[in-house]
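Here is the structure we will look at.
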Amino acid sequence: MKELVKEKVAEVISEVYGDDGVEVLERASFEKPKKKEFGDLATNVAFLLAKVVRQSPGTIAQELVRKLSAFPEFEKVEVAGGGFINFTFSQELFSRILREVVEEKFYICDVGRGKRVLLEYVSANPTGPLHVGHGRGAVVGDVLSRVMKLTGYRVEREFYINDAGRQIYLLGLSIYLRAKELAGKEVEFPEDAYRGDYIVEVARELLKVKPELPELPEDEAVKVAAEFGKELLLKEIQEDLKKLRVEFDSWFSEKSLYERGKVEEVLKLLKEKGLIYEKEGALWLKTTLFGDDKDRVVRRSNGEYTYFASDIAYHWDKIKRGYDRAIDIWGADHHGYIPRVKAAIEALGKSPDWLEVILIQLVKLFKGGQELKMSKRKGDFIPLRWLMEEVGVDAVRFFFLLKRHDTPLDFDIDLALSQKSENPVYYVQYAHARLCSVLDKAREEGFRPSPENLNLLSSPEERELISNCYLLRYELQAVARKREPHRLTYYLIELASSLHRFYNKHRVVNRDERELTEARLYLVEGVRRTLEVGLGILNVSAPRRM
RNA sequence: GGGCCCGUAGCUCAGCUGGAUAGAGCAACGGACUUCUAAUCCGUAGGUCGGAGGUUCGAAUCCUCCCGGGCCCGCCA
């Protein structure tokens with residue numbers, strides 16, 4: 001409907017002010033007004049036009065309104081607030097919108113224009129199980145990818161596996177030491193080793209297939225343990241993600257970058273550009289030339305490459321794969337890392353804006369008013385799997401999207417388990433179940449949804465519902481453009497709320513009024529469908545019965 | 001010390017490419033079930049949008065400074 005109104009406004013503006021006026025339309029807002037007295041849609045074009053044609057917003061608005069009133073799609077067009085133009089849609093237009101909601105994929109669009117986007121998320125080290133923070137990033141990435149696809153982007157989803165470097169060595173060492181311990185030997189555990197109980201489990205598994213491990217020379221044993229642990233833990237990560245209903249198109253191995261010589265290759269390239277120098281035995285990249293605070297080491301004086309080096313190679317690989325844009329989703333504690341990666345991208349000849357980084361803030365778990373603490377170092381962090389089992393995947397996914405990704409999230413486990421309206425997941429799911437129940441009941445009584453008399457749906461509650469359904473289209477656009485998937489949960493809560501409001505005020509099935517009943521059933525089907533689609537994008541179930 | 005993020009109702013937060021009288025949920029109080037799911041709805045109360053300046057027709061939103069909170073500043077990842 002925004003498109004339709006915009007079209008009519010463009011027509012009128014070009015008639016009155018010529019093509020200069022039409023340009024401001026791109027910047028103008030077409031929004032649902034906050035107050036329902038202001039009609040169904042409002043625009044601020046007159047304010048913007050005022051600067052171009054040098055007349056007062058009020059005068060311009062008057063002029064536009066005079067012509068816009070002629071269109072049959074609008075019941076009323078008026079000026080308010082000194083220059084806003086408020087549109088009240090005709091009943092005929094509402095009927096048209098509802099038919100689209102029921103019969104078409106009204107929520108998809110092409111604002112992405114087929115742009116290719118690489119979305120990288122989770123990318124947890126295969127050195128331990130996923131914790132709840134990873135889960136939040138996973139859900140944000142997953143839902144964002146779905147929405148971007150629906151809005152016309154070509155999205156590929158990737159998980160970067162940090163299967164090289166020091167943390168993998170430490171993983172191997174930790175498993176090896178635990179295995180020795182299990183074999184009854186005294187061991188000393190270094191400070192930076194992984195201490196979680198899962199390491200003992202991995203060691204136990206490894207001993208089953210390789211009982212001689214504790215007797216092997218340490219170098220060899222650590223290597224074996226690292227390889228074994230890495231694969232086992234990666235498999236567990238993949239299982240957790242599957243359980244969380246999060247998918248990827250590709251799994252990119254850091255180690256493969258070394259094996260294919262990609263790290264050396266990209267450093268050579270940067271060296272040829274004169275951006276790498278040697279100091280104190282180490283190799284440095286001149287990231288300060290591109291806005292970083294200081295230059296960064298890419299190869300340490302002991303000959304080992306840093307994590308940054310392989311990350312440069314990784315992003316170089318992304319660049320070469322030809323994406324229009326790359327989006328990385330990281331934990332907020334990595335924010336200090338952004339300038340150097342962007343610097344590297346610029347050093348490689350790409351605009352730093354090509355890479356967008358979305359930061360995911362901390363998740364804190366609360367139960368009985370008490371915070372459940374986590375700390376990865378000590379190994380007593382809260383595993384994502386535990387949370388999924390505790391509250392269910394629907395609640396986990398929905399709750400992770402209840403706040404903007406860059407604000408810390410307090411996850412209330414008691415609330416997630418509650419089966420009352422205070423729990424937003426139940427609130428939305430209940431709306432869907434309720435509608436299914438109405439449709440079933442109506443069918444039993446011989447009523448069918450019908451688009452024959454939609455003009456009967458003229459109450460404020462009905463008009464509001466129709467327009468809220470169609471809003472999904474614009475919410476998805478906003479989610480994609482701003483990269484803010486949490487908007488979708490807020491939208492669904494609002495839609496459910498307007499449904500419950502309608503339901504309490506109007507009876508749907510009424511034997512004495514067949515035409516109205518069937519029109520309302522058509523509306524009910526439209527709302528049900530919209531809820532189903534919205535929950536489907538969140539990948540949260542839409543139950544028929546609760 | 002430098003950088004990033006945040007500060008909106010008692011609590012948890014939406015709203016931020018400037019727009020009309022700043023919203024929701026929870027908590028509090030008062031109502032609505034012989035009728036399609038009360039797992040719901042309606043109403044009341046609750047605010048110097050951290051503070052001060054600036055930009056302009058208009059600022060919670062943009063800019064500057066200050067206050068308060070979190071995170072990051074390694075030849076770790």
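These numbers come from a predicted model, not from an experiment. To find a chain, count down the sequence lines: A is the first, B the second, and so on, and within it residues start at 1.
As a whole-Å value, the separation of A/Leu495 CG from B/rA14 P is 21 Å. As rounded to whole Å, 10 Å separates atom P of B/rA39 from atom CE of A/Met546. Atom CD of A/Gln477 is separated from atom C1' of B/rU17 by 15 Å (rounded to the nearest Å). What separates CZ of A/Arg501 from P of B/rA38 is a distance of 17 Å, to the nearest Å. Rounded to an integer number of Å, the gap from A/Arg299 CZ to B/rC76 P is 14 Å. Rounding to whole angstrom units, CD of residue A/Glu475 and C1' of B/rA14 are separated by 11 Å. In this structure, CG of A/Leu435 is placed 11 Å from C1' of B/rU37, rounded to the nearest angstrom. Between the CD1 atom of A/Ile338 and the C1' atom of B/rC72 there is a distance of 11 Å, rounded to whole Å.
No contact: A/Lys505 has no heavy atom under 4.0 Å from any strand. As judged by a 4.0 angstrom heavy-atom cut-off over every strand, A/Phe308 is placed among residues making no nucleic acid contact. Counting any heavy atom pair closer than 4.0 Å across all strands shown, A/His506 reaches a base atom. A/Arg511 comes within 4.0 angstrom of nothing in the nucleic acid, heavy atoms only. A/Arg507 comes within contact range of at least one nucleobase, with a heavy-atom separation under 4.0 Å. No contact: A/Pro57 has no heavy atom under 4.0 Å from any strand. Across all strands shown, A/Thr306 has heavy atoms under 4.0 Å from sugar-phosphate atoms exclusively, and none from any base.
Pairs engaging residues 303-312 of chain A under the salt bridge (Lys or Arg N to Asp or Glu O under 4.0 Å) rule: A/Arg300-A/Glu304 [sequence neighbours left out]. Annotation: salt bridge (Lys or Arg N to Asp or Glu O under 4.0 Å) contacts involving residues 330-344 of chain A, sequence neighbours excluded, are absent. Residue pairs satisfying the salt bridge (Lys or Arg N to Asp or Glu O under 4.0 Å) criterion with at least one member in residues 508-520 of chain A, sequence neighbours excluded, are listed as follows: A/Glu445-A/Arg511, A/Glu462-A/Arg520, A/Arg514-A/Glu518.
The nearest pair of heavy atoms linking A/Leu270 to A/Ala347 is CD2-CB, 3.8 Å. Listed here is the closest heavy atom pair of A/Ile161 and A/Pro126: CG2-CG, 3.9 Å.
Looking at heavy atoms from C-beta onward, A/Phe399 lies in side-chain contact with A/Asn423 at the 4.5 angstrom threshold. When side chains are defined from C-beta on, A/Leu488 does not count as touching A/Leu401, because their heavy atoms never get closer than 4.5 Å.
Contacts between residues 480-488 of chain A and RNA chain B, counted as heavy-atom distances below 4.0 Å, involve A/Arg481, A/Lys482, A/Glu484, A/His486, A/Arg487. For the contact set between residues 280-288 of chain A and RNA chain B, defined by any heavy atom under 4.0 Å, the members are A/Glu280, A/Ala282, A/Trp284.
Residue A/Val438 is the one, among A/Val438 and A/His334, whose nearest nucleotide of RNA chain B lies closer to the 5' end (criterion: closest heavy atom). A residue-by-residue look at A/Phe502 and A/Tyr307 shows that A/Phe502 has its nearest nucleotide of RNA chain B further toward the 5' end.
Ring geometry for A/Tyr337 versus A/Phe308: interplanar angle over 60°, hence perpendicular rather than tilted (30 to 60°).
Judged purely by distance below 3.5 Å, without hydrogens or angles, the side chains of A/Arg434 and A/His500 pair a donor atom with an acceptor atom. For the 3.5 Å distance criterion, the side chains of A/Asp295 and A/Thr288 qualify, holding a donor opposite an acceptor. In this model, no donor atom of one side chain and acceptor atom of the other lie less than 3.5 Å apart for A/Glu464 and A/Ser498.
Between B/rG47 and B/rG53, the two C1' atoms lie 22 Å apart (nearest whole Å). Here, B/rC33 and B/rG23 have their C1' atoms 30 Å apart, quoted to the whole Å. When the P atom is used for both B/rA60 and B/rG19, the distance is 10 Å, rounded to whole Å. Atom C1' of B/rA14 sits at a distance of 13 Å from the matching atom of B/rC49, rounded to the whole Å. For B/rC13 and B/rU17, the C1' atoms lie 23 Å apart once the distance is rounded to whole Å. Distance check on atom C1': B/rG3 versus B/rU48 gives 31 Å, rounded to whole Å. B/rA39 and B/rA20: their P atoms are spaced 38 Å apart (whole Å). On the C1' atoms, B/rU61 is 33 Å away from B/rC42, given to the nearest whole Å.
For NZ of A/Lys2, the number of neighbouring non-hydrogen atoms (other residues, nucleotides, ligands) closer than 6.0 Å is greater than 12. Around NZ of A/Lys32, the count of heavy atoms belonging to other residues, nucleotides or ligands within 6.0 Å exceeds 12. Enclosure of atom CD in A/Glu78 by more than 12 non-hydrogen atoms of other residues, nucleotides or ligands within 6.0 angstrom is indicated.
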Look for any protein N or O under 3.5 Å of an N or O in nucleotides 18-24 of chain B and output each such pair with its distance, or none.
from: B/rG19; atom 1: N7; to: A/Asn44; atom 2: ND2; distance (Å): 3.4
from: B/rA20; atom 1: OP2; to: A/Lys34; atom 2: NZ; distance (Å): 2.3
from: B/rA20; atom 1: N6; to: A/Asn86; atom 2: OD1; distance (Å): 3.0
from: B/rA20; atom 1: N1; to: A/Asn86; atom 2: OD1; distance (Å): 3.1
from: B/rA20; atom 1: N1; to: A/Asn86; atom 2: ND2; distance (Å): 3.0

Using nucleotides 2-11 of chain B, report all nitrogen or oxygen pairs with the protein that are shorter than 3.5 Å.
from: B/rG3; atom 1: N2; to: A/His335; atom 2: NE2; distance (Å): 2.4

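A/Arg544 has no side-chain polar atom (N or O) that falls below the 4.0 Å cut-off from OP1 or OP2 of B/rU37. OP1 or OP2 of B/rC76 lies within a sub-4.0 Å distance of a side-chain N or O belonging to A/Arg300. Contact between the side-chain N/O atoms of A/Tyr427 and the OP1/OP2 oxygens of B/rC41 is found at a separation under 4.0 Å.
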Fill in: Bracket string, RNA chain B, 5' to 3' - pairs by Watson-Crick or G-U geometry under 3.5 Å, | interstrand
(((((((..((((.....[...)))).(((((.......))))).....(((((..]....))))))))))))....

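With sequence neighbours left out, A/Phe290 forms a ring-ring contact (aromatic ring centres under 6.0 Å, His included) with no residue at all. Take A/Phe447 and apply the ring-ring contact (aromatic ring centres under 6.0 Å, His included) test, not counting sequence neighbours, and it matches no residue. In this structure, A/Tyr17 has no ring-ring contact (aromatic ring centres under 6.0 Å, His included) partners at least two apart in sequence or on a different chain.
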For a quick test of your reading: what N or O donor-acceptor pairs under 3.5 Å do the side chains of residues 79-87 of chain A make, sequence neighbours left out?
none

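For the pair A/Arg528 and A/Glu532, the salt-bridge criterion is met [side-chain N within less than 4.0 Å of a carboxylate O].
One donor-acceptor pair, N or O on each side, does fall under 3.5 Å between the base of B/rC75 and the side chain of A/Ser301.
Comparing B/rC41, B/rA77, B/rU12 by their nearest atom to the side chain of A/Asp410 picks out B/rU12.
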